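This chain uses plain numbering: 1 for the first residue, then up along the sequence. Fair warning: this is a prediction, and the values are worked out from it, not measured in the lab.
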Amino acid sequence: MVRLAPFYRQVQSHYDLSDEFYALFLDPSMTYSCAYFAHEDHSLAQAQQAKIDLALGKLDLEPGMRLLDIGCGWGATMIRAARDYGAQVVGLTLSRNQYDYVNARLEHEGITGAQVRLQGWEEYDGEADRIVSIGAFEHFRTERYGEFFERAHAMLPDGGRMLLHTIIGRTLAELRALDVPVTREDALFHIFMKREIFPGGQLPQPGTVTRTAESNGWHTERIQSLQPHYARTLDLWAESLRSHRDEAVRLTSREVYDRYLKYLTGCAHYFRAGHLDVMQFTLAT
């Protein structure tokens with residue numbers, strides 16, 4: 001089998017911008033994905049922990065289980081799983097900044113049940129009891145979905161589970177069926193996101209996820225939409241970035257600040273309008 005090369009360059013072009021810049025608008029755990037506002041009065045930090053617990057809870061994670069976190073980001077989910085669930089965790093990231101950050105945090109907090117690797121799922125040859133992947137599937141590319149689900153299935157035992165959390169795109173036909181208007185400005189924003197924010201990124205449709213997973217041995221147990229939660233998350237990120245404008249410009253540039261504010265506010269609009277969704281797929285072997 002030909003070993004696929006992960007998309008290091010494209011991923012690092014976004015996530016390795018500056019840890020300090022991202023810290024200006026993310027919560028203290030540096031969780032860079034949709035929060036879950038289980039209670040209306042939750043802070044962003046509380047809602048991010050609730051999202052992590054929502055995901056880990058769907059895995060039926062037990063102490064001593066081996067958990068693979070694909071696209072571990074700055075480590076919030078893997079650290080929660082190791083420290084509070086007793087799992088033995090391996091986190092994978094393609095970001096050099098995130099790899100260094102997680103290693104430093106694991107050492108600082110004395111967490112011995114977790115390790116991070118600068119590695120893609122394409123390069124991972126270990127086994128696991130459970131898999132979690134939050135906000136990474138958007139970088140995998142459509143042509144690799146089949147191999148991803150095949151490899152993930154092969155590394156788990158019978159009764160294994162995977163929680164896949166991903167942004168969902170809609171086709172033009174789906175948007176028309178939902179009576180969601182589509183304009184030239186919408187198309188231009190899509191091009192902006194592909195070129196200037198997430199180069200190489202692709203958003204799947206729910207049916208693509210379930211069909212490809214099920215054709216590679218998985219059973220779909222549950223799909224949960226978090227659409228309004230992401231609109232609120234993005235609103236809070238944009239508000240925080242605005243409040244740290246001068247520092248953001250100092251750390252990066254006025255151009256980067258303007259680009260990220262356009263990205264955050266624009267995506268909040270598209271989640272609210274129905275163009276985009278974010279879903280958690282609970283899959284079992």
Side-chain angles (χ1 to χ4, degrees), residues 4-18 21-22 25-26 30-35 69-74 77 92-99 118-123 132-149 152 164-172 174-175 182 185-209 212-213 225-227 230-231 233-234 237-238 241 252 255-256 258-271 273-281:
L4 299 173
F7 300 108
Y8 283 98
R9 181 178 58 81
Q10 293 91 335
V11 169
Q12 290 178 2
S13 71
H14 181 86
Y15 296 94
D16 286 358
L17 174 64
S18 163
F21 174 77
Y22 283 109
F25 63 89
L26 300 181
M30 295 287 283
T31 303
Y32 190 28
S33 53
C34 174
D69 184 353
I70 300 176
C72 67
W74 283 276
T77 299
L92 307 181
T93 179
L94 302 184
S95 161
R96 167 62 68 175
N97 282 15
Q98 291 177 344
Y99 171 78
L118 188 64
Q119 190 177 54
W121 62 265
E122 300 93 337
E123 301 166 312
V132 64
S133 184
I134 299 175
F137 194 72
E138 299 90 332
H139 298 287
F140 288 1
R141 307 283 179 92
T142 304
E143 65 270 17
R144 295 189 177 187
Y145 290 173
E147 183 153 0
F148 167 71
F149 285 116
L164 182 67
H165 172 125
T166 181
I167 298 172
I168 292 296
R170 302 193 191 280
T171 65
L172 188 58
E174 289 172 331
L175 291 172
V182 179
E185 287 70 25
D186 301 332
L188 290 175
F189 185 79
H190 176 75
I191 293 170
F192 159 75
M193 290 293 294
K194 292 273 288 185
R195 288 181 177 174
E196 300 191 43
I197 302 298
F198 293 112
Q202 293 178 321
L203 300 182
Q205 285 77 50
T208 302
V209 174
T212 312
S225 168
L226 300 177
Q227 187 177 40
Y230 214 167
T233 303
L234 288 155
W237 286 346
L241 182 59
T252 55
E255 179 185 7
V256 168
D258 288 344
R259 184 163 71 240
Y260 270 70
L261 193 60
K262 177 180 177 179
Y263 142 52
L264 297 174
T265 56
C267 285
H269 162 73
Y270 285 110
F271 275 100
H275 287 253
L276 299 173
D277 202 341
V278 59
M279 295 180 176
Q280 289 192 348
F281 296 81

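- For His139 against Phe7, the heavy-atom pair with the smallest separation is O-CD1, 3.6 Å.
- Here the side chain of Glu174 pairs no donor or acceptor atom with the backbone of Leu172 at under 3.5 angstrom.
- Side chains of Tyr15 and Thr93 form no contact here, defined as non-hydrogen atoms less than 4.5 Å apart.
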Pair Ile70-Phe137, side chain to side chain contact (heavy atoms under 4.5 Å, CB included): steps then yes or no: CA-CA 9 Å; Ile70 300 176; Phe137 194 72; over 6 Å; no
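- The distance from atom CG of Leu234 to atom NE2 of His269, rounded to the nearest 0.5 Å, is 12.5 Å.
- In terms of modelled atom types and a separation under 3.5 Å, the side chain of Arg96 and the main chain of Gln12 share no donor-acceptor contact.
- Closest approach of Gly274 and Gln227 over heavy atoms only: CA-NE2, 3.6 Å.
- Closest approach of Gly169 to Leu203, counting heavy atoms only: N-CB, 3.6 Å.
- Looking at heavy atoms from C-beta onward, Thr212 lies out of side-chain contact with Phe148 at the 4.5 angstrom threshold.
- Atom-to-atom distance recorded for Ser95:OG and Leu118:CG is 8.0 Å, nearest 0.5 angstrom.
- Side-chain atoms of Gln202 come within 3.5 Å of backbone N or O of Thr142 as a donor-acceptor pair.
- Side-chain atoms of Glu123 do not come within 3.5 Å of backbone N or O of Pro6 as any donor-acceptor pair.
- Ile168 places a side-chain heavy atom less than 4.5 Å from the side chain of Pro204.
- Counting heavy atoms from C-beta outward, Thr31 and Trp74 have side chains that stay 4.5 Å or more apart.
- Under the 3.5 Å distance criterion, the side-chain polar atoms of Asp16 are matched with a main-chain donor or acceptor of Asn97.
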Exercise answer: donor-acceptor pairs, residues 258-268 side-chain atoms, under 3.5 Å, sequence neighbours excluded:
| unit_1 | atom_1 | unit_2 | atom_2 | d |
| --- | --- | --- | --- | --- |
| Asp258 | OD1 | Arg254 | NE | 3.0 |
| Asp258 | OD2 | Arg254 | NE | 3.0 |
| Tyr260 | OH | His14 | ND1 | 3.3 |
| Tyr260 | OH | Tyr22 | OH | 2.8 |
| Tyr263 | OH | Tyr32 | OH | 2.6 |
| Thr265 | OG1 | Leu261 | O | 2.7 |
| Thr265 | OG1 | Lys262 | O | 3.4 |

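- Within the 4.5 Å cutoff, the side chain of Leu226 has no heavy atoms near those of the Phe271 side chain.
- Ser13 and Gln10 make their closest contact through OG-O, 2.6 Å (heavy atoms, listed as atom of the first residue, atom of the second, distance).
- Counting heavy atoms from C-beta on, the side chains of His165 and Cys34 come closer than 4.5 Å.
- For the pair Thr166 and Phe140, the minimum side-chain heavy-atom distance is 4.5 Å or more.
- Here the side chains of Ile167 and Tyr230 are in contact, with some heavy-atom distance below 4.5 Å.
- Among all heavy-atom pairs drawn from His275 and Arg170, the shortest one is O-CG, 3.6 Å.
- Heavy atoms from other residues, nucleotides or ligands lying under 6.0 Å from CD of Glu185 number more than 12.
- One finds the OG1 atom of Thr233 at 12.0 Å from the CZ atom of Phe25 (value rounded to the nearest 0.5 Å).
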Can you list, pair by pair, the side-chain donor-acceptor contacts under 3.5 Å of residues 187-199, counting residues two or more places apart and other chains?
| unit_1 | atom_1 | unit_2 | atom_2 | d |
| --- | --- | --- | --- | --- |
| Lys194 | NZ | Gly201 | O | 2.7 |

